[in-house]
Amino acid sequence: MIKKIIDQFNIPGQCRRYGLSLWQCPQFLFIIMGLIIIGTTVASYLIGAHYIASPELVALVVLIVTCFLFVIAFVITRSFEKLAEASKMKSEFINIVSHQLRSPLTNIKWTFEVLASKEFEVPRNKQEEYFVNVKENIARMVELIDDLLIVSKLEEGIFTIAKQEVDAEELIKEMISRYEVFAHASDIDIVFNPGEQAPVVLTDPSMLKLVIENLIDNAIRYTRGGGKIEIKLRKQAKEMIFSVKDSGVGIPQKEQKYIFKKFFRAENALKQRTRGSGLGLYVCKLIILKSGGKIWFESKENKGTTFYFTLPTLTSIGRK
Amino acid sequence: MKKILFVEDEAALQEAFGDVLKQAGYDVINALDGEIGLRLAKSEKPDLIMLDLMLPKLHGFEVLEKLKKDAETKDIPVIVLTNLEKVEDIDKAIELGAKTYLVKMQYNLEEVIDKVKKTIGE
């Protein structure tokens, strides 16, 4: 009980919970407004009592105080708007996430219903297939939840990127070998050009893997009917520039500005593949920015897309 | 044997529900995207179409609109089977000519089979 009352007075704590700075926080602004009203009432009384013969001065003081209060009231309204906007974004977010989870959940639910049904029988040779389906759909949900957790941690700033010296070339080779089977199945060749010098970058290897994984995965998925993916690494001044170029469907001009936004999926990407969380590139952007790099792309519809990112380098290993 | 065209991009669902429909005595034709669905509707002339909305290549609404505009397919009853549950989506599907609108997550298999039987007239 007492703790609750004390909590009520912990204005900075309450503002932090809303994710707002003090000067945008309604509670804090209300206290400031209250203090100004008390202060100016006392001041007006004193001035009025002292200069009763000059009503213009009193009127001027009242006018100044009113203007002050007007400005503060305006700021308070704006801060409420911000809160309302944040709450609206949250419900939109929940809406999208629940929809993304519903498809795999429905698949699991119906598959189990058939497996458990007394009325319907699962053909013996198909039982394994049913379990594989369930497994795949559980993996889809896990993937989405993992992405969401990373986003939430990165956004809240509680995800510290543990910077280590990472040999970028080795890491990229490892990622490529992981994706080669998947690429060959779609008749796609992955070509890697590590450049003259292999840069040692300062970053979190697991985070860098996540970024490269997302970019290679996208390049493969959106390259139709075979093609080539070129991955390049080069060092420029104190940066490493990574690029992955595909010959895929490209990103339509009008949708390019939204491509790094949370949950955005381009229309032609949706036509290719209805699945996908719409979080991959947003996660990439958060990680690269937090690691002190930049991320961008060049794209032409039906020609392909090249994604680039930079990371600060530590030293260079001379190539023999 | 009555023929049902099942347009659904989720392979797991196609498998499970398709098997159940077959056991219930129907001939099931599967389509994994909107374009194939529309083509099969014209060539196979099914007795019923089960249609998802979030489909690759051609959205379910476009498929429905084209089916209802085509003299060859306009009389085939369509059950929309989706996970979209906004009132606007339901209204749009009914307006475009869907006979029934079912939200996958809210029904179990037996209930869906019942709806199929009722729609197909058994």
Side-chain angles (χ1 to χ4, degrees), chain A residues 91-92 94-141 144 221-222 224-225 249 265-278, chain B residues 6-26 28 30-38 50-63 81-89 102-117:
Chain A
S91 25
E92 264 173 33
I94 292 169
N95 212 355
I96 295 171
V97 172
S98 28
H99 187 77
Q100 302 268 22
L101 284 172
R102 268 189 157 195
S103 298
L105 258 178
T106 314
N107 295 346
I108 295 169
K109 178 182 169 247
W110 281 19
T111 307
F112 267 119
E113 266 182 39
V114 183
L115 283 167
S117 170
K118 283 179 186 145
E119 204 174 321
F120 307 111
E121 242 177 80
V122 180
R124 225 165 234 285
N125 57 344
K126 275 198 159 181
Q127 272 185 359
E128 203 186 323
E129 220 170 295
Y130 273 53
F131 284 114
V132 170
N133 281 341
V134 170
K135 205 174 143 195
E136 275 173 8
N137 281 288
I138 291 173
R140 258 169 82 184
M141 293 199 290
L144 174 66
R221 286 186 193 281
Y222 297 121
R224 296 184 277 216
V249 293
R265 300 200 59 217
E267 211 174 290
N268 59 345
L270 275 173
K271 282 201 171 179
Q272 285 291 307
R273 194 170 70 112
T274 47
R275 286 182 208 167
S277 68
Chain B
F6 188 26
V7 194
E8 168 66 65
D9 67 323
E10 294 283 352
L13 218 63
Q14 232 184 35
E15 197 90 54
F17 192 56
D19 284 345
V20 168
L21 283 174
K22 278 177 204 160
Q23 282 185 41
Y26 298 106
V28 184
N30 288 322
L32 274 166
D33 66 50
E35 268 176 22
I36 299 175
L38 196 61
M50 308 279 297
L51 181 67
D52 186 17
L53 290 180
M54 294 296 286
L55 290 168
K57 298 202 175 149
L58 204 60
H59 192 278
F61 281 142
E62 289 175 74
V63 177
L81 190 62
T82 176
N83 259 329
L84 301 178
E85 56 175 342
K86 279 192 191 159
V87 182
E88 304 96 88
D89 293 323
L102 304 177
V103 178
K104 289 172 193 167
M105 204 57 185
Q106 293 170 0
Y107 289 86
N108 61 38
L109 279 173
E110 274 133 41
E111 288 170 319
V112 180
I113 296 284
D114 271 353
K115 295 269 180 193
V116 169
K117 284 180 180 164

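Proteins come first, then strands; the chains are lettered A, B, ... in the order of their sequence lines, and each starts at number 1.
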Quiz: residues 110-117 of chain A side-chain donor-acceptor pairs under 3.5 angstrom, not counting sequence neighbours:
| unit_1 | atom_1 | unit_2 | atom_2 | d |
| --- | --- | --- | --- | --- |
| A:Trp110 | NE1 | B:Tyr107 | O | 3.2 |
| A:Thr111 | OG1 | A:Asn107 | O | 2.5 |
| A:Glu113 | OE1 | B:Leu109 | N | 2.7 |
| A:Ser117 | OG | A:Glu119 | N | 3.0 |
| A:Ser117 | OG | A:Phe120 | N | 3.0 |

Cut-off 4.5 Å, heavy atoms of chain A, and the answer for B:Glu15 is both

If one checks every heavy atom of B:Ile113 against chain A at 4.5 Å, the contacting part turns out to be side chain

Notebook entry, point to check: How about B:Glu110: does its CD atom have over 12 heavy atoms from other parts shown lying under 6.0 Å from it?
Noted result: yes

What side-chain donor-acceptor pairs closer than 3.5 Å can you find for residues 128-136 of chain A, not counting sequence neighbours?
| unit_1 | atom_1 | unit_2 | atom_2 | d |
| --- | --- | --- | --- | --- |
| A:Tyr130 | OH | B:Asp19 | OD2 | 2.6 |

Tested for side chain to side chain contact (heavy atoms under 4.5 Å, CB included) against A:Ser103, the lone hit among B:Thr82, B:Asn83, B:Asp9 is B:Asn83

Looking only at heavy atoms, the pair that brings A:Thr106 and B:Met105 closest together is OG1-SD, 3.4 Å

Rounded to the nearest 0.5 angstrom, the CG-CG distance for A:Asn137 and B:Leu13 is 9.0 Å

